[in-house]
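Comments concern the structure below.
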Amino acid sequence: MDEQLVERVLRAVEQIPRGRVASYGDLAELVGVGPRLVGRVMSLYGSNVTWWRVTSASGDLPLALADEARARWADEGITWKPNGRGCRIRDHRVDLTRLADDYERAVRDLG
DNA sequence: ACTATGACAGACG
DNA sequence: TCGTCTGCCATAG
């Protein structure tokens with residue numbers, strides 16, 4: 001894995017404000033890579049950051065992570081509908097353009 | 001070198 | 001609302 005890329009992805013995740021979520025695709029667009037790569041980075045290094053604010057485009061997470069994530073969501077006031085279908089997580093997606101500002105800053109301050 | 005498979009997404013039937 | 005297919009990048013076999 002390209003360390004630079006990993007850093008950029010993780011940095012992007014950290015820009016997601018409390019109480020909001022972003023999809024893998026959102027982050028991918030922000031970082032400038034394919035969504036699958038973001039998924040891969042998260043699977044490897046996600047536990048180091050606020051991974052529960054990253055959901056799939058449909059608002060779901062793998063079963064194992066869902067339990068943990070739900071607790072976090074409840075704590076942050078993120079509403080969701082149990083039983084997958086019609087998950088309301090989508091209503092909490094961040095405005096990508098606003099996220100981009102903070103992200104640019106974060107990446108600049110990195111080097 | 002080639003294929004299959006992912007914490008994925010978008011288009012289409 | 002489901003399958004299916006294609007694009008995406010890295011890894012494993």
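Sequence lines set the chain letters: A, B, ... in the order given, protein chains first and strands last, and positions in each chain run from 1. Note that the structure is predicted; figures quoted are calculated from it, not measured.
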Handout entry: Positions of residues 17-30 of chain A (non-hydrogen atom under 4.0 Å from DNA chain B), listed by number
Key = A/S23, A/Y24, A/G25

Handout entry: nucleotides 6-13 of chain C: protein proximity per nucleotide (B base, S sugar-phosphate only, - neither; heavy atom, under 4.0 Å)
Key = -BBSSS--

Exercise for the section: Please test A/D75 against A/R72 for salt bridge (Lys or Arg N to Asp or Glu O under 4.0 Å), starting from the C-alpha separation and ending with a verdict. Expected result: CA-CA 5 Å; A/D75 184 53; A/R72 302 286 195 168; over 6 Å; no

Practice task
Give the rounded distance in Å between these two atoms: CG of A/L65 and C1' of B/dA7.
Solution key: 6 Å

Handout entry: More than 12 heavy atoms from other groups under 6.0 Å of CD on A/E14
Key = yes

Practice task
Flag the pair A/R8 / A/Y103 as yes when at least one side-chain heavy-atom distance between them is below 4.5 Å, and no otherwise.
Solution key: yes

Practice task
Identify whether any heavy atom of A/S43 sits under 4.0 Å from a base atom; if not, whether one sits that close to sugar-phosphate; answer base, sugar-phosphate or nothing.
Solution key: base

Practice task
Determine whether A/V13 and A/T50 make a side-chain contact, defined as any pair of heavy atoms from C-beta on separated by less than 4.5 Å.
Solution key: yes

Fill in the blank from the handout: When rounded to the nearest 0.5 Å, the distance separating OG1 of A/T55 from CG of A/D26 is 8.0 Å

Practice task
Rounded to the nearest angstrom, tell me the gap between atom CD in A/E68 and atom C1' in B/dA7.
Solution key: 14 Å

Problem - Distance, P atom - from C/dT6 to B/dA7, rounded to whole angstrom - result: 22 Å

Exercise for the section: Pull out every residue in residues 93-100 of chain A that has a heavy atom closer than 4.0 Å to any atom of DNA chain B, ordered by number, or say none. Expected result: none

Problem - Over 12 non-hydrogen atoms of neighbours within 6.0 angstrom of CZ in A/R18 - result: yes

Handout entry: Side chains of A/W52 and A/E76, donor plus acceptor under 3.5 Å
Key = yes

Problem - Reported CG-to-CG distance for the pair A/L5 and A/L37, which is rounded to 0.5 angstrom - result: 5.0 Å

Handout entry: salt bridge (Lys or Arg N to Asp or Glu O under 4.0 Å) evaluation trace for A/R70 with A/D67
Key = CA-CA 5 Å; A/R70 274 182 225 134; A/D67 274 346; 2.9 Å; yes

Practice task
For the residue pair A/V107 and A/Q15, establish whether any side-chain heavy-atom pair is separated by less than 4.5 Å.
Solution key: no

